[in-house]
2 protein chains.
Amino acid sequence: MADTAEMGELTPRQRDVLDTALRLLVEEGDSLTMAAVARRASCSKETLYKWFGDRDGLLTATVQWQASKVRVVPVDQKKLDLVSLTESLEGYARDWLKVISSDTSVALNRVAIGHAGSGKDNLGAIVLDNGRFALAKRLKPVLDAGKRSGHLVFEDAETAFRTFFGLVARDVQIRLLLGDWPGLTEAAIESDAIRATQQFLALYGARKDQQVQ
Amino acid sequence: MADTAEMGELTPRQRDVLDTALRLLVEEGDSLTMAAVARRASCSKETLYKWFGDRDGLLTATVQWQASKVRVVPVDQKKLDLVSLTESLEGYARDWLKVISSDTSVALNRVAIGHAGSGKDNLGAIVLDNGRFALAKRLKPVLDAGKRSGHLVFEDAETAFRTFFGLVARDVQIRLLLGDWPGLTEAAIESDAIRATQQFLALYGARKDQQVQ
DNA sequence: TCAGAACCGTAACGTACGGTACTCTGATTT
DNA sequence: AAATCAGAGTACCGTACGTTACGGTTCTGA
């Protein structure tokens, strides 16, 4: 459809346009118009259509563009003691809370959810892949390492991950999506990350007598 | 605005119309048109506008109508031993999973989330009040009773509730909203409810030596 | 029986927006 | 210098849909 739909190659100018589209998406949600994007990005509508095919194409490109920015380097550690495992889990919890409480994430999830009903595009899949599933992918190695080193005890890493996910996110995301709350403070995120990690370790951590060293 | 906006009095005919609007909302999401509702409900558009003011009024009335149907009687129990507490928690978990995985809930949440961006109406607040907050209201007495009887240990009932919420829902709702999954099977709901309850008791249950009896 | 209200069906209006075509300008290439 | 091209700006088209208006029909109550 669009030039840039299949190949992820974007010119700097196109990236600029997508950035303003993203900003507009955060401000106005799914009700943004092609004209508004063109005006704000100082480009013509025709260019938008040439580059992105149609409205859905622009939306998809915008979501993918944001997704490509979020990608984080997974830091896998050499020595895994209980302290570093705890810190690692807290780090992931912190990051995740920061992501889901950001304006951008809320706006993108709203748009993707709105589109999920009428299966025209797959924004939902894109958001999911770069959110919840990306997190699982990054976290699983840590969980596995924790299991190998004897600090964690579980059968299925997927189940363990989903428990961690639930303990971290709780009702935060759905409340934000539904318009509750102004947002999470730094302090709240910090204490939530610690609490979630402690609870996770209470559920999946090796008991004292099983623990390595 | 609309006759029925402030007073919750609905004629049977109006209830019928809202039921078909609800069905249509599940099928088509937010893209339903007034004409489609009128056609399907065998009523005139003029009647829709007279009854509900405008499109938002109809949507709001529909969401409230569904909400009024969901209201469940809170079963507070006389004697609270660990078994009945466990059963009660499992029951709430089961109910909640059943609700959030239902077509109706998914559709309503999608619409409400879509509207949450442009603060025109307060669908989000309505959905939240009759979903997450209603659950909390029903569950808190159980938690408090558990605390009084010494089977549960926690400082803040709200925090305990949110943990329970997270353990039950995990990533289910967001995945469903984003179009992942066909849905939860009965069996999955059952085992999830049991798992969540066990995990919650592991975190907040009194340890053996503190336990009453 | 009859007046009036309620309501159905449908036509019509206004608008907003997706999408297209065309012109003009400035830069790059040949 | 001429030719080509990308893209800004703008005008325009078609359509979908919210909203309104109106004529005809059924219901209700005196």
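Quick caveat, the model's predicted, so the values are computed rather than measured. Letters A, B, ... are given to chains in the order of the sequence lines, protein chains preceding strands, and every chain is numbered from 1.
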- Quick check: does any side chain N or O of T62(A) sit under 3.5 Å from a backbone N or O of L58(A), one acting as donor and the other as acceptor? yes
- Span of DNA chain C in contact with chain A (heavy atoms, under 4.0 Å): dC17(C) to dC22(C)
- Item | Note, L108(A) side chain near L22(A) side chain (heavy atom, < 4.5 Å) | yes
- Message: Can you see whether S102(B) engages S105(B) through a side-chain donor-acceptor pair at a distance of less than 3.5 angstrom?
- Response: no
- Using a strict cut-off of less than 4.0 Å between a Lys/Arg side-chain nitrogen and an Asp/Glu carboxylate oxygen, indicate whether R195(A) and D192(A) qualify as a salt bridge. yes
- Query: Should the heavy atoms of other residues, nucleotides or ligands under 6.0 Å from CG of D103(B) be counted, would the total exceed 12?
  - Reply: no
- Atom CG of D16(A) with >12 non-hydrogen neighbours under 6.0 angstrom: yes
- Message: Salt bridge or not between E28(A) and R110(A)? Use side-chain N to carboxylate O under 4.0 Å.
- Response: no
- Query: Does the side chain of D180(A) reach to within under 4.5 Å of the side chain of F133(B), using non-hydrogen atoms?
  - Reply: yes
- Task: Report which part of the nucleic acid L58(A) touches: base, sugar-phosphate, or nothing (heavy-atom distance under 4.0 Å, all strands).
- Result: nothing
- Note on the structure: Within residues 36-49 of chain A, those residues having any heavy atom closer than 4.0 Å to DNA chain D are S42(A), C43(A), S44(A), E46(A), T47(A)
- Message: Could you measure the distance from the CZ atom of R132(A) to the CZ atom of F161(A)? Nearest 0.5 Å is fine.
- Response: 4.5 Å
- Contact interval (first through last nucleotide) of DNA chain D with protein chain A, 4.0 Å heavy-atom: dG7(D) to dG9(D)
- In plain terms, say whether D19(A) and R40(A) are close enough for a salt bridge, that is, a side-chain N and a carboxylate O under 4.0 Å apart. no
